[in-house]
Amino acid sequence: MARRFGVSPNVVVGIAFPNRALFSWKPRARTLPTAREQERAPRKDETAMRDRKPDTVIIPPHKYDLERLPFAKRLLELRPGECIWPINDGSPFLFCAAKTPGKYCQHHESRAVAVHCIAKREK
């Protein structure tokens, strides 16, 4: 179409995009798998994604986190003004939820800065 009018394809797209109602919707044809894809052996169960915990703990649990655990909340339960620091390894993830003017309470903010400084020194 662009060649017929002597313009670039981008000009046609620029006109068609805001005027979608003028163009009928045409579903894309589904491509069939090639012979090579059909010959490919299925993946073994052992190589599928594994439920594995990382070998290293980036930020180790702290005594403060254990004290905050009874007051912890899930992500959907958090309100503005509550600390969003995760305090467990999941199933489900729980967050600190201490009252704070920013994203993190004073304790977790200082831990984040300390970890950042250590990582910077190691580089």
Side-chain angles (χ1 to χ4, degrees):
M1 188 187 301
R3 217 176 309 136
R4 186 172 182 176
F5 289 109
V7 294
S8 73
N10 288 340
V11 172
V12 175
V13 171
I15 293 170
F17 185 74
N19 301 307
R20 289 185 196 157
L22 300 175
F23 299 92
S24 63
W25 181 76
K26 181 179 173 185
R28 290 187 178 182
R30 190 169 170 217
T31 59
L32 297 174
T34 62
R36 186 174 183 175
E37 290 174 346
Q38 289 176 347
E39 292 173 5
R40 205 180 304 166
R43 291 183 73 167
K44 295 180 181 178
D45 289 337
E46 304 115 31
T47 60
M49 290 178 60
R50 299 178 185 123
D51 292 334
R52 232 181 108 221
K53 293 200 178 212
D55 296 334
T56 58
V57 176
I58 296 172
I59 301 174
H62 195 268
K63 181 182 172 188
Y64 180 81
D65 294 341
L66 297 175
E67 292 171 0
R68 291 294 311 162
L69 205 52
F71 308 103
K73 294 182 180 180
R74 292 181 176 187
L75 183 62
L76 296 175
E77 298 168 347
L78 287 176
R79 303 256 184 237
E82 293 180 336
C83 179
I84 60 170
W85 186 276
I87 58 174
N88 68 346
D89 290 340
S91 297
F93 279 104
L94 297 174
F95 297 85
C96 175
K99 298 291 181 201
T100 180
K103 286 184 175 183
Y104 303 111
C105 61
Q106 186 177 2
H107 173 79
H108 287 127
E109 191 168 339
S110 64
R111 284 182 66 195
V113 170
V115 168
H116 177 71
C117 291
I118 291 169
K120 219 174 181 184
R121 265 189 263 142
E122 290 176 356
K123 285 185 179 181

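Heads up: numbering here begins at 1 and tracks the sequence. Predicted, not measured: the structure shown is a model, and the values here were computed from it. Below, all heavy atoms of this structure are taken into account, side chains as well, without hydrogens, waters or symmetry copies.
Hydrophobic clustering of Ile, Leu, Val, Met, Phe, Trp and Tyr side chains at less than 4.5 Å, counting indirect connections, keeps Phe71 apart from Phe95. Transitive grouping of hydrophobic side chains (ILVMFWY, heavy atoms separated by less than 4.5 Å) keeps Val11 and Val13 in distinct clusters. In terms of hydrophobic clustering, with Ile, Leu, Val, Met, Phe, Trp and Tyr side chains grouped at heavy-atom distances under 4.5 Å, Ile15 and Val7 are assigned to a common cluster. One hydrophobic cluster, built from ILVMFWY side chains closer than 4.5 Å, holds both Ile84 and Leu69.
What you find for Cys96 and Arg68 is that their closest heavy atoms are O-NH2, 3.1 Å. Summarising the geometry of Cys83 relative to His108, their closest heavy-atom pair is SG-ND1, 3.4 Å, with the distance given to 0.1 Å. Between Ala72 and Ile87, the shortest heavy-atom distance links the atoms CB-CD1, 3.6 Å. Here the closest heavy-atom approach between residue Leu78 and residue Lys73 is recorded as CD2-CB, 4.1 Å. Heavy-atom minimum distance, His62 versus Arg111: CB-NH1, 3.3 Å.
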- [ ] Run the numbers on Arg74 and Leu94 for side-chain contact (heavy atoms from CB on, under 4.5 Å), then give the verdict.
- [x] CA-CA 5 Å; Arg74 292 181 176 187; Leu94 297 174; 4.1 Å; yes
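Between His107 and Tyr64, the ring-plane angle classifies as tilted under the 30° and 60° cut-offs.
Within the 3.5 Å criterion, the main-chain N or O of Pro92 finds a donor-acceptor partner in the side chain of Asn88.
Other residues, nucleotides and ligands contribute at most 12 non-hydrogen atoms within 6.0 Å of the CD atom of Gln106.
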